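Each remark here refers to the structure printed beneath this line.
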Amino acid sequence: MNVEQARFNMIEQQIRPWDVLDTDVLALLAVVKREDFVPAAYRAMAFTDCELPLPGGQQMLAPRVEARLLQELKVQRHEKVLEIGAGSGYMAALLGHRAQRVITLESNAELARFASDNLKRAGATNVTVREADGAHGLAGEAPFDVILLSGSVAEVPQTLLDQLKVGGRLAAIVGEEPVMRAMLYTRSAEREFRSTVLFDTVAARLQGFEQRSGFVF
């Protein structure tokens, strides 16, 4: 496989046509080596337009979904980011290039080690992986400028929204199959949140969120 040609095709044929037009995001996708974060058995599929299996029954989001979420969050260099669901560490690596600091939570011990090893090899020194149940967030480190749920949830727990700074953003894929929507929530004031529908998609359920009750706009 011509890796660089496959990467170019992923960006130009999958991601750019899906309204990912931010040139910084597109350039970043060419820099962070997605194939280095994919389990060895699936490395040949690193650039395909689908979710990829990860240890513990989890899934790596499709490239176009990752790119679109990254674009819509508009992460700035001074911001602190919390990711729920480290997976392979790839999304955390992308976030780390744009943020000051990233903490990514992973409840599966095997995946937490996998993500941590991948991020170390990639030189992502401002990204920390913690083995923890992400459904509760990380109140001890809050507030965050950005929170990303890297998988789907039936609803977004209020406890996660409460860990945003005023002006902070949270992105999540919300709903039940076959109808899910990527949503962006912005904390517009201490007790006010604004929601925006980004796009329709379907993604695997985040571990720990299977039977949660919480908050939905």
Side-chain angles (χ1 to χ4, degrees), residues 10 13-20 25 29 34 37-39 41-73 81-92 94-95 104-112 114-115 132-137 146-161 163-164 169-186 193-217:
M10 175 189 74
Q13 297 174 14
Q14 297 174 37
I15 293 171
R16 191 189 292 271
W18 223 50
D19 292 331
V20 180
V25 170
L29 296 170
R34 194 172 198 270
F37 290 84
V38 174
Y42 299 99
R43 198 151 290 161
M45 300 175 65
F47 307 107
T48 57
D49 185 21
C50 65
E51 293 188 344
L52 295 179
L54 293 172
Q58 295 297 286
Q59 301 282 325
M60 193 171 177
L61 291 172
R64 61 192 170 97
V65 174
E66 293 167 330
R68 185 78 179 275
L69 290 171
L70 186 66
Q71 173 178 267
E72 300 299 341
L73 281 168
V81 178
L82 176 67
E83 182 191 23
I84 311 296
S88 71
Y90 177 66
M91 194 69 188
L94 294 173
L95 291 164
T104 181
L105 305 182
E106 178 53 59
S107 60
N108 181 284
E110 182 182 2
L111 262 186
F114 182 61
D133 179 0
H136 301 292
V146 172
I147 299 176
L148 172 63
L149 280 63
S150 287
S152 71
V153 297
E155 48 193 25
V156 177
Q158 183 68 44
T159 185
L160 294 183
L161 292 164
Q163 291 178 32
L164 285 174
R169 294 89 64 205
L170 181 151
I173 297 168
V174 182
E176 303 283 351
E177 289 193 72
V179 180
M180 296 183 183
R181 285 179 166 173
M183 301 290 298
L184 183 69
Y185 302 93
T186 303
F193 297 88
R194 183 174 70 251
S195 65
T196 304
V197 177
L198 299 176
F199 54 90
D200 293 338
T201 189
V202 174
R205 187 67 87 219
L206 265 178
Q207 210 165 55
F209 288 81
E210 294 87 350
Q211 300 295 332
R212 301 271 179 180
S213 60
F215 179 83
V216 172
F217 279 86

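Atom set for the values below is all heavy atoms of this structure, side chains included, hydrogens, waters and symmetry mates excluded. All figures in this text were calculated on a predicted structure; none of them were measured in a lab.
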### Query
Is it true that a side-chain atom of E106 and a backbone atom of D133 form a donor plus acceptor pair closer than 3.5 Å?
no

### Query
CG/L206 to CD/Q58 distance, rounded to the nearest 0.5 angstrom?
6.5 Å

### Task
Hey, could you give me the CZ/OG1 distance between R181 and T196, rounded to the nearest 0.5 Å?
12.0 Å

### Query
Just by distance, do the side chain of S152 and the backbone of A204 share a donor-acceptor pair under 3.5 Å?
yes

## Note on the structure
Looking only at heavy atoms, the pair that brings A115 and G89 closest together is CB-N, 3.7 Å

### Message
Nearest 0.5 angstrom please: M91 CE to F37 CZ, how far?
### Response
12.0 Å

### Query
Does R34 reach the main-chain N or O of A46 with its side chain, forming a donor-acceptor pair under 3.5 Å?
yes

### Task
Locate the shortest heavy-atom distance separating L29 from A67; write the atom from each residue and the value.
CD1-CB, 3.8 Å

### Query
With side chains defined as the heavy atoms from C-beta onward, is the minimum distance between L73 and L170 less than 4.5 Å?
no

### Message
Taking the basic N atoms (NZ, or NE/NH1/NH2) and the acidic carboxylate oxygens, is any pair closer than 4.0 Å for E177 and R205?
### Response
no

### Query
CZ/R43 to CG/L52 distance, rounded to the nearest 0.5 angstrom?
11.5 Å

### Beyond-backbone contact of F114 with S88, side-chain heavy atoms, under 4.5 angstrom
yes

## Note on the structure
Rounding to 0.5 Å, atoms CG (L69) and CE (M183) come to a distance of 12.5 Å

### Task
Specify the closest pair of heavy atoms between G85 and E83, including all atoms of both residues, with the distance to one decimal.
O-OE2, 3.3 Å

### Query
How far apart are the closest heavy atoms of Q59 and P53, and which atoms are they?
OE1-N, 3.7 Å

### Message
A side-chain contact here means heavy atoms from C-beta on lying under 4.5 Å apart; do I84 and F209 qualify?
### Response
yes

### Min side-chain heavy-atom separation R64-D49 under 4.5 Å
yes

#### Entry: Any side-chain heavy-atom pair of L184 and R169 under 4.5 Å
yes

### Task
List in chain and number order the residues that pass side chain to side chain donor-acceptor pair (under 3.5 Å) with S107, two or more places apart in sequence or in another chain; answer none if no residue qualifies.
Q207

## Note on the structure
Closest non-hydrogen atoms of E51 and A62, given as atom of the first, atom of the second and distance, are CG-N, 4.0 Å

### Non-hydrogen side-chain atoms of L61 and Y90 separated by less than 4.5 Å
no

### Task
Have a look at V20 and tell me which of R68, E66, Q14, E72 forms a side-chain contact (heavy atoms from CB on, under 4.5 Å) with it.
R68

### Message
Do L95 and L70 have side chains that approach each other closer than 4.5 Å (heavy atoms only, starting at C-beta)?
### Response
yes

### Summary
Of L164, I147, T104, the one forming a side-chain contact (heavy atoms from CB on, under 4.5 Å) with L82 is I147

### Message
Please check: side-chain N/O of Q163 versus main-chain N/O of Q158, any donor-acceptor pairing under 3.5 Å?
### Response
no

#### Entry: Rounded distance [0.5 Å steps], CH2 in W18 versus CZ in F199
4.5 Å

### Query
Which atoms form the tightest heavy-atom contact between L54 and G87, and what is the distance?
CD1-CA, 3.8 Å

### Query
Are L160 and L149 side-chain neighbours, meaning at least one heavy-atom pair lies under 4.5 Å?
yes

### Query
What do the steps show when you test V156 against Y185 for side chain to side chain contact (heavy atoms under 4.5 Å, CB included), and what is the final call?
CA-CA 10 Å; V156 177; Y185 302 93; 3.6 Å; yes

